[in-house]
Amino acid sequence: MAVLKLQSLKPRPISELSMKVGSIRCYVSSCRAVLLPRFGGPEVLQLRPDVPVPDLKPNEVLVRARAVAINPLDTRMRSGYGRSIFEPLLPLILGRDVSGEVAAVGASVKSLTVGQEVFGALHPTALRGTYTDYAILTEDELSPKPASLTHVEASAIPFAALTAWRALKSTARITEGQRLLVIGGGGAVGFSAIQIAVAAGCHVTTTCGNQSINRLMAAGAEQAVDYTSEDIESVIKEKFDAVLDTIGVPETERIGINLLNRGGHYMTLQGEAAALSDRYGLPIGLPAATAVLFKKRIRYKFSHGIEYSWIYMRADLEGLHEIRRLSEARKLSIPVEKTFSITQVREAHEAKDKKQILGKVVLELD
C-alpha cells in the first residue's frame with residue numbers, strides 16, 4: 001500500500017474511508033463509480049457501488065469529487081472513439097474534469113493539502129476518469145479551486161480551457177495585439193479560447209450559430225459571424241495570426257488556412273490519430289496519422305507559409321494556475337446549462353446525444 005500524508009481528514013463513514021491505526025497510511029478501499037464495460041449508447045454505463053480505489057503513487061492526489069463535467073470526449077469514447085486504444089483495457093471510467101476536496105496525497109506531493117478545495121482535469125487517455133466519488137489525479141493536474149466559484153461552476157472549466165490554452169499559449173504563443181480567428185466559438189473550447197485571447201490583449205473574430213452571437217460578443221469577440229446564414233469568406237475581410245478550428249472539417253480547414261497571415265498558426269481539434277487507429281488498428285493507424293500530419297505540415301509550409309498543428313489537451317500546471325486566476329477575476333467562465341446527479345448519468349448522456357442540451361452539463365456527487 002502506498003504511503004500517504006494524512007492531515008486533518010474530515011470525518012467520513014467507516015465504509016467510505018479506511019485508516020490503518022498507528023501509522024500515517026490511509027486509503028479509500030472502494031467507492032461509487034460509473035463504469036464503461038463496453039462501447040455503445042448511454043445504456044451501457046453502469047453505476048457501481050464498490051469499485052476498488054487504487055493505491056496512490058507518490059505524485060498522486062485522491063480527490064473527493066463534488067462535481068464532474070461531461071465533455072464531448074466522454075460521449076465519443078462511450079460510443080467507441082479510441083476503440084483501438086481503449087477496448088483491450090475495458091472496463092474504464094469516463095470523465096476528465098473534476099472539482100472537489102483533497103482526501104489524501106502521495107508522499108511527494110508538496111503543493112496541496114488534505115481538505116483543500118481543488119479543480120483540475122485528467123489527460124485524454126486516462127483509464128480511471130472522474131465519474132467517481134474518489135478521483136485520482138497527479139499533483140500537476142490540480143490547482144486550488146477558484147474561491148468565487150461553486151464546484152459545479154469550477155468543474156466545467158479545466159479540460160476545455162486547458163485545450164484552448166495549449167493551442168493559444170503553448171502552440172501559437174499569442175501576444176498582445178495579434179489577431180485570432182476561432183472557428184466554432186460557441187462550444188466550451190472555442191468560448192474558452194475567446195476569453196483567454198481577449199485577456200491577453202488579442203483581437204478576436206469567431207464563427208458560431210445565431211444563438212451564441214450575443215454571448216461571444218459579450219465575452220470580448222470583436223466580430224461574430226453566423227455561419228448558418230452568412231458566407232464566412234465574404235464577411236471576414238482581415239487576415240489572422242492564428243486560427244483555432246474547433247470544427248475541423250475539410251471546408252473549415254480550407255477557410256482557416258486561407259485567412260492566415262504568412263507565419264501564422266492553424267490549429268485543429270480534430271486530429272486524425274484516433275480515427276485512423278480505429279480504422280486500421282494501432283500498428284498501421286498511428287504511423288499513418290503521423291504521415292498525414294507531416295504531409296500537411298510540409299504542404300502548408302510551402303504553399304501558405306504557415307504552421308499546422310493538431311491540438312490535444314495536456315496537463316499544464318502553469319496554464320491551470322493562470323486559468324484559475326482568470327476565473328477568479330471573472331475573465332473566464334463556461335456557463336453550465338444543466339446539472340444531473342451521478343445516479344442520472346445515463347439520462348445526462350442521452351440528453352447530450354440527442355442534442356436536447358447544447359450547453360455544458362455537469363454531474364453532481366453528494
Side-chain angles (χ1 to χ4, degrees), residues 34-45 70-97 121-131 138 141 159-160 162-167 170-172 183-184 187-190 193 243-257 265-304 306-316 349 352-353:
V34 177
L35 292 185
L36 179 70
R38 65 187 186 280
F39 299 118
E43 71 281 355
V44 303
L45 297 173
I70 294 178
N71 286 292
L73 179 62
D74 300 343
T75 56
R76 292 178 69 191
M77 284 178 60
R78 190 210 68 226
S79 299
Y81 176 76
R83 180 186 300 270
S84 59
I85 300 169
F86 296 115
E87 190 163 37
L89 305 170
L90 293 175
L92 55 83
I93 300 174
L94 297 175
R96 295 294 171 265
D97 289 307
L122 289 162
H123 58 86
T125 58
L127 300 178
R128 191 182 191 279
T130 57
Y131 289 12
T138 60
E141 292 173 330
F159 191 82
L162 282 168
T163 304
W165 182 271
R166 177 165 174 76
S170 302
T171 304
I183 300 176
V189 175
V243 172
L244 176 58
D245 184 356
T246 72
I247 308 302
V249 297
E251 180 66 4
T252 58
E253 180 171 307
R254 182 189 65 79
I255 292 171
I257 294 292
H265 291 260
Y266 171 86
M267 301 159 289
T268 177
L269 302 186
Q270 307 303 327
E272 299 180 50
L276 289 172
S277 295
D278 288 347
R279 186 181 307 167
Y280 301 113
L282 282 173
I284 297 175
L286 281 181
T290 302
V292 168
L293 178 59
F294 180 75
K295 182 179 179 180
K296 286 192 173 186
R297 282 179 168 170
I298 295 298
R299 186 207 322 170
Y300 290 131
K301 186 74 172 178
F302 280 94
S303 65
H304 292 74
I306 60 97
E307 302 294 331
Y308 178 97
S309 300
W310 292 345
I311 298 299
Y312 304 96
M313 176 271 185
R314 285 188 184 176
D316 183 331
H349 269 242
K352 293 302 290 183
D353 281 359

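As a basis for the values below, the full set of heavy atoms in this structure was taken, side chains included, without hydrogen atoms, waters or symmetry mates. Given the structure is predicted, the values throughout are model-derived calculations rather than measurements.
- Taking the side chain as every heavy atom from C-beta outward, L94 and L73 never approach each other to under 4.5 Å.
- Classification of the Y266-Y308 ring pair by plane angle, with boundaries at 30° and 60°, yields parallel.
- Nearest heavy-atom pair, R83 versus P88, reported as atom, atom and distance to 0.1 Å: O-CD, 4.0 Å.
- The shortest heavy-atom contact between Y312 and E272 is OH-N, 4.0 Å.
- Residues P124 and M313 come closest through the heavy atom pair CD-O, 3.3 Å.
- Between I93 and L127 there is no side-chain heavy-atom pair separated by less than 4.5 Å.
- Surrounding CZ of R314 are at most 12 heavy atoms belonging to other residues, nucleotides or ligands under 6.0 Å away.
- The minimum heavy-atom distance between S309 and T171, with the atom names listed, is OG-CG2, 3.6 Å.
- We find the CD-CD1 distance between E253 and I183 to be 9.5 Å, quoted to the nearest 0.5 Å.
- Looking only at side-chain heavy atoms (C-beta outward), T268 and W310 come within less than 4.5 Å of each other.
- The OH atom of Y131 lies 9.0 Å from the CZ atom of R96; values are rounded to the nearest 0.5 Å.
- Taking each heavy atom of D316 and S170 in turn, the nearest pair found is OD2-OG, 3.8 Å.
- You'll find the side chain of D353 reaches within 4.5 Å of the side chain of R78, heavy atoms only.
- Using a 4.5 Å heavy-atom threshold, the side chains of R279 and L276 count as touching.
- Residues I255 and E251 have side chains in contact (heavy-atom distance under 4.5 Å, counting atoms from C-beta outward).
- Looking only at side-chain heavy atoms (C-beta outward), Q270 and V249 stay at 4.5 Å or farther from each other.
- The two residues D74 and I70 have their closest heavy-atom pair at OD2-CA, 3.6 Å.
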